[in-house]
Amino acid sequence: MFSSRLRDAAGPNRLAVALERRRAAGLEVYDLTLSNPTQAGFTYPIGMLAPLADDRSLCYQPEPFGMLSARRVVADDLARRGVSVTVDRTVLTASTSEAYSLLFKLLCDAGDAVLAPRPSYPLIEHLTGLDAVSLEHYHLEFHGRWELDLDELRAKARGRRVRAIIMISPNNPTGSVFTHDELDAVAAIAREHDLAIISDEVFADYAIADGRAASALHQEQALTFALGGLSKSAGLPQVKLGWMAIGGPAGLVNDAMARLETICDAYLSVSTPVQVAVSDFLSMGASVRVQIQERVRDNYQRLTALAAAHPTCTVLPVEAGWYAVVQIPNFVSEEAVVLELLDEAGVLVHPGYFFDFEREAFLVVSLLPQPDVFASAVEALLQYIGSRR
Ligand SMILES: Cc1ncc(COP(=O)(O)O)c(C=O)c1O
């Protein structure tokens, strides 16, 4: 009766079951998987959501790409990041996840493939599956920094049914960013094989190391869609607004925009109130963004300082984003370690295999939790790993 897109839908994993059990027993959990900024103790400006009640929203004027006024605000905000894009090359979406889905419809027939980095964000697998697109990986390898295997990417880009290369920069969870040279090399590959680039830049505001993550839009060789949204830029995942900015050869951009218009017109999924409010959200959201920036930088420093006293644990360098990766000894499986950490130390942390790390053992730590919770959780984690040997 049901679509095969959902054939791999599994029940809750063992970690989710153990968490449920612990919570039901009323036991404390130090959550190092936190990814929701609205639950991380940041101070949101009073009345921040009041602009949603603006009377201008009473008038509905459906626009496939979103209201011009809102798209202008988004183009201006991209300029803040040094990304120059004209309003007519912006498209509003309900979220970044929805932007992926619209792009898969634009670029792929059922059974076509896209290439995405490994390790990376697990939702990509579900998003491709839900659009009947297959997912193939190219590897990021850690050699002091996470490097792209260009030869592998080049070989995979030749695949007959490959339609696009997904880049996630800053990447979740490695915190790595593509250099200008890497972006140019990927764009050359995409151009050679008539592939589009989908560049997920949702974490671009959160540099931890010096410098700023380059946008894939800095090149014009390949048709490129750069994705962002309020969920990360203003810490507002609940208001549901994402966007894409499109660049590349003019003819291809025009063709893509014409087709995207048809797709977006079928859904018209972005609400009018959020479009009317986006200017206020981005200006008020600046203070939230600054708090998140400070939090993730401070927690990353805290993590490296605490780990320095535990030679069995190595914190891999993070360039940007909300997550860090801790390499631990490979004494038992990652799954066993995260279950033990939860049961015995009350610390909830994601194992590397959730993100398709090539080998074990890695733990992924969110840098969002409040400093005292973060420090206690990290200390408990490090002590547990140290004692486990
Ligand atoms: C790399 C990456 N892209 C996209 C998203 C989803 O963003 P949105 O809430 O705009 O759908 C996330 C959420 O964590 C993410 O980590």
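Order of appearance sets the numbers: ligands from 1, and atoms from 1 within every ligand.
The ligand atoms of ligand 1 that sit less than 4.0 angstrom from a heavy atom of Asp200 are 1 (C), 2 (C), 3 (N), 4 (C). The contact set between ligand 1 and Ile168, taken as ligand atoms under 4.0 Å from a residue heavy atom, comprises 1 (C). Of all atoms in ligand 1, numbered sequentially from 1 with element shown, those under 4.0 Å from a heavy atom of Ser231 are 7 (O), 8 (P), 9 (O), 10 (O).
Of the polar atoms of Tyr100, none of the N or O atoms is found under 3.5 Å from an N or O of ligand 1, judged by distance alone. Considering backbone and side-chain N/O atoms, Lys240 never comes within less than 3.5 Å of an N/O atom of ligand 1.
Among protein heavy atoms, atom 10 (O) of ligand 1 sits closest to Thr96 OG1, 2.6 Å. Protein heavy atom closest to atom 5 (C) of ligand 1, with residue, atom name and distance, is Tyr121 OH, 3.1 Å. Nearest protein neighbour of atom 16 (O) of ligand 1, counting heavy atoms only, is Asn172 ND2, 2.8 Å. Nearest to atom 14 (O) of ligand 1 among the protein's heavy atoms is Lys232 NZ, 3.2 Å.
For the pair Ile208 and Leu367, the minimum side-chain heavy-atom distance is below 4.5 Å. By the 4.5 Å heavy-atom criterion applied to side chains, Tyr138 and Met167 are counted as neighbours. Inter-residue side-chain proximity for Tyr100 and Asp131 is flagged as unmet; no heavy-atom pair is nearer than 4.5 Å.
With a heavy-atom cut-off of 4.0 Å, Glu98 does not touch ligand 1 at all. For Val202, every heavy-atom contact with ligand 1 shorter than 4.0 Å involves the side chain, none the backbone.
Note on ring orientation: taking the six-membered ring where Trp is involved, the planes of Tyr206 and Phe203 are perpendicular (angle over 60°, cut-offs 30° and 60°).
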* **Step-by-step salt bridge (Lys or Arg N to Asp or Glu O under 4.0 Å) determination, Arg22 to Asp343** => CA-CA 8 Å; Arg22 191 171 173 94; Asp343 284 346; 5.3 Å; no

* CA sep, side-chain torsions, deciding dist, call: Thr179, Asp181, side-chain hydrogen bond (donor to acceptor under 3.5 Å, both in side chains) -> CA-CA 5 Å; Thr179 61; Asp181 286 350; 5.3 Å; no

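No side-chain N or O of Ser333 forms a donor-acceptor pair with one of Glu360 less than 3.5 Å apart.
Using a 4.0 Å heavy-atom cutoff, Ser95 is listed among the residues neighbouring ligand 1.
Within the structure, every pair that satisfies the side-chain hydrogen bond (donor to acceptor under 3.5 Å, both in side chains) test and touches residues 53-76, not counting sequence neighbours, is listed here: Asp54-Arg56, Arg71-Thr90.
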